[in-house]
Amino acid sequence: MSGLLLEVREVHKVYGEGATATHVLKGVSFAIDRGEMVALIGASGSGKSTLLNILGTLSRPTSGEVAMLGEDLTRADDVTLTEFRNRHIGFVFQFHHLLPDFTALENVMFPSAVRAGRERAQARARAATLLAQVGLSERADFRATQLSGGQKQRVAIARALMNEPELILADEPTGNLDRQNAMQVMDLLERINRESGTGFLISTHDEQIAARCSRRIVISDGVIAADRHSDR
Amino acid sequence: MLYGAKMAWRHLGSAPGQTALLVAGVAAAVFIFIFMSALIGGLAELLVMRTLGNQADVTVAAPDPPLPVLVPVQGRHVLAARQASTSPSLGLAAPRAWEATLAAFPGVQVVAPKLLGSGVLIRGEVTRPVTLSGLEPGRESAIIRFDRAMLAGTAALAAGEVLIGEKLARDLGLSVGRAVTFRADNGNSVTLTVSGIFRLGLGQLDEAAAFVPMSTAQAVLERPGRVSVIELKLDDLYAAPAVAARIAASTGLDVTPWTETNAQLFEALRAQGNTGLILKVFAMITVVIGIASALMLTTFRRRGEIGIMRAFGATRRFILYVFVLEGALIGLAGGLAGALLAAAALSPFPPIEEVQTGQLPVDLGQGSIGLAIWLTTLGATLAALLPARAAARLDPVEAIQQ
């Protein structure tokens, strides 16, 4: 599977106004093809999370354009963006952010259920399959609060995959895990990327994590400092 | 929106202590609402029953003849000043036709003609002044509930019989079956047999009134085929002014609602009703403020979750729906719990007609239970709107970061 997945053109993001304005992104441009696994590397405060939020349609750029699957995401209204996000983008956060009142299976089903307005049997079966893929079949009926940190992150990955998105945005997905769990999570992401062709943009400042991606985009002080492919 | 309902239910279930407290708070307010409605309704009913129970809701009489102001005197007209006569008028002719006309008015429940006159009851050396009322046989208890007040004999009147009050019977040394003479102001006399003795608890009726069949009254008062008034009972007591106005407008008769003859009582009942309304409004405001503040805290506590839900495709409308539904569920549960509590607590109170001195006149039937549940659910739903809107408008990025 190939072709353009995401295109970012001259994106700026400014918080505040006048003397207190903070220019976080200063003209960021790049493109990602379908199935790519990209590491977004940068120090804290470099603009990684802001960029991910804009790409995930959770935040709007001050100027510039973002297009995904040929659709302009900078001018769409909130309802359109919400639906687009639900269908085409998955998220994995540093802190799992599971819904605490729901079981692992229900958490995985959430993106499908919130779209359909109910928990369909088909979605339940897919959620169970995804939990099996991340090795958590036996924890399907456990509440989020009953899972370990690594397990929670694997449930979060399964949730991100639920609607078969073309792109998963992962913001420091291993930042809250020990080395062993971090490597297991990366193994999982690599496998998903390889088997399903899902694209990944993984924000990290961990070189070992970045090394497992096929491409590295370095962001520094709000601009792209480097963008190179690696021999994974 | 089944999924939104599930989410709302889970939210409520995840903090059972908080939810139980909220429901209990709402239930307490609903209990107060129902109790106040039942008490004020019961009190009004008791007052009306004791004060107006033996009166007509509307009284219809022949209009006073017009008073001429220009009077011909010796070939000229002079301006005359006259006072309305205090002597009884001839009354209404053709009462049957008027009865049929009045019965056809919406809201009229009972129609009962009455002929009034005055005179004295005489037994041996003892004489007592009385107001004589002629009633239609078979409708003796249509206005004054003799059937509930008989101490001896029967409330049904046959020709030549009379019903008198306990005090009058004692004064005249009468009992059922004894004879007594009535002498009208016009000098006519008739001998009557006491068919029943009642105690209404109303001084004027118990000690200075005699009730005879209409034909007997018409004969002794020399008013053949006429009645003094036609008395009405209505489906809704408080509709009396409106019904009276309609009858007066379309018949030209002299129509008086009870609110004119008992203006102070009417004002007191209205003030009492308004006081109850204020208390009920405050109870509802308590519900709304309580739920709004609790849900405001809940949405603040769940900011992170709301952000995640938004990230994974929950629309603002979905978030709004979840939190509004939480408010509605709390209102409904609290409303039902409060209603059950009120029903259990208030059902042992005796019916209003059996209330004794010192007892609370609580009428659960007037507790507005359905209204209380409906208003509470509506109030709770509206109360949830503000926090729900705040939740729906959360910036998902800020919410997730927090």
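Owing to the predicted nature of the structure, the values given are computational and were not obtained by experimental measurement. The chains referred to below are lettered A, B, ... by the order of the sequence lines, with proteins before strands, and numbering in each begins at 1.
In this structure, A:Q122 places its CD atom where only 12 or fewer heavy-atom neighbours from other residues, nucleotides or ligands lie under 6.0 Å away. Annotation for B:R317: atom CZ does not count as buried by contact number, only 12 or fewer foreign heavy atoms lying within 6.0 Å. Within a 6.0 Å sphere centred on OH of A:Y15, other residues, nucleotides and ligands contribute more than 12 heavy atoms. Within a 6.0 Å sphere centred on CG of B:L371, heavy atoms belonging to other residues, nucleotides or ligands number more than 12. Other residues, nucleotides and ligands place more than 12 heavy atoms under 6.0 Å from the CZ atom of B:R316. With a 6.0 Å radius and a threshold of 12 heavy atoms from other residues, nucleotides or ligands, A:H205 has its NE2 atom at or below the threshold.
Residues A:T82 and B:A314 approach most closely at CG2-O, 3.6 Å, considering heavy atoms. Listed here is the closest heavy atom pair of A:L58 and B:I400: CD1-CD1, 4.4 Å. Between A:F91 and B:F312 the shortest heavy-atom distance is O-CZ, 3.3 Å. Nearest heavy atom pair, residue A:E106 against residue B:Y3, reads O-OH, 4.3 Å.
For A:F93, the part lying under 4.5 angstrom from a heavy atom of chain B is the side chain only. There is no contact between A:R87 and chain B, counting heavy-atom distances below 4.5 Å. With a 4.5 Å cut-off on non-hydrogen atoms, A:D78 touches chain B through its side chain but not through its backbone.
Remark: B:T315 OG1 to A:L81 CG distance equals 13.0 Å, nearest 0.5 Å.
When the candidates A:R159, A:M162, A:R118 are compared by the number of heavy-atom contacts under 4.5 Å with chain B, A:R159 comes out ahead.
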Let me see the working for B:E305 and A:H97 under side-chain contact (heavy atoms from CB on, under 4.5 Å), right down to the final yes or no.
-> CA-CA 7 Å; B:E305 284 175 56; A:H97 286 307; over 6 Å; no

Does the pair A:L99 and B:M7 meet the rule for a side-chain contact (heavy atoms from CB on, under 4.5 Å), with working shown?
-> CA-CA 10 Å; A:L99 303 176; B:M7 186 150 280; 3.9 Å; yes

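Using modelled atom types, one side-chain atom of A:R85 and one backbone atom of B:R310 make a donor-acceptor pair closer than 3.5 Å.
A:D101 and B:R302 are joined by a salt bridge, as a carboxylate oxygen and a charged side-chain nitrogen come within less than 4.0 angstrom of each other.
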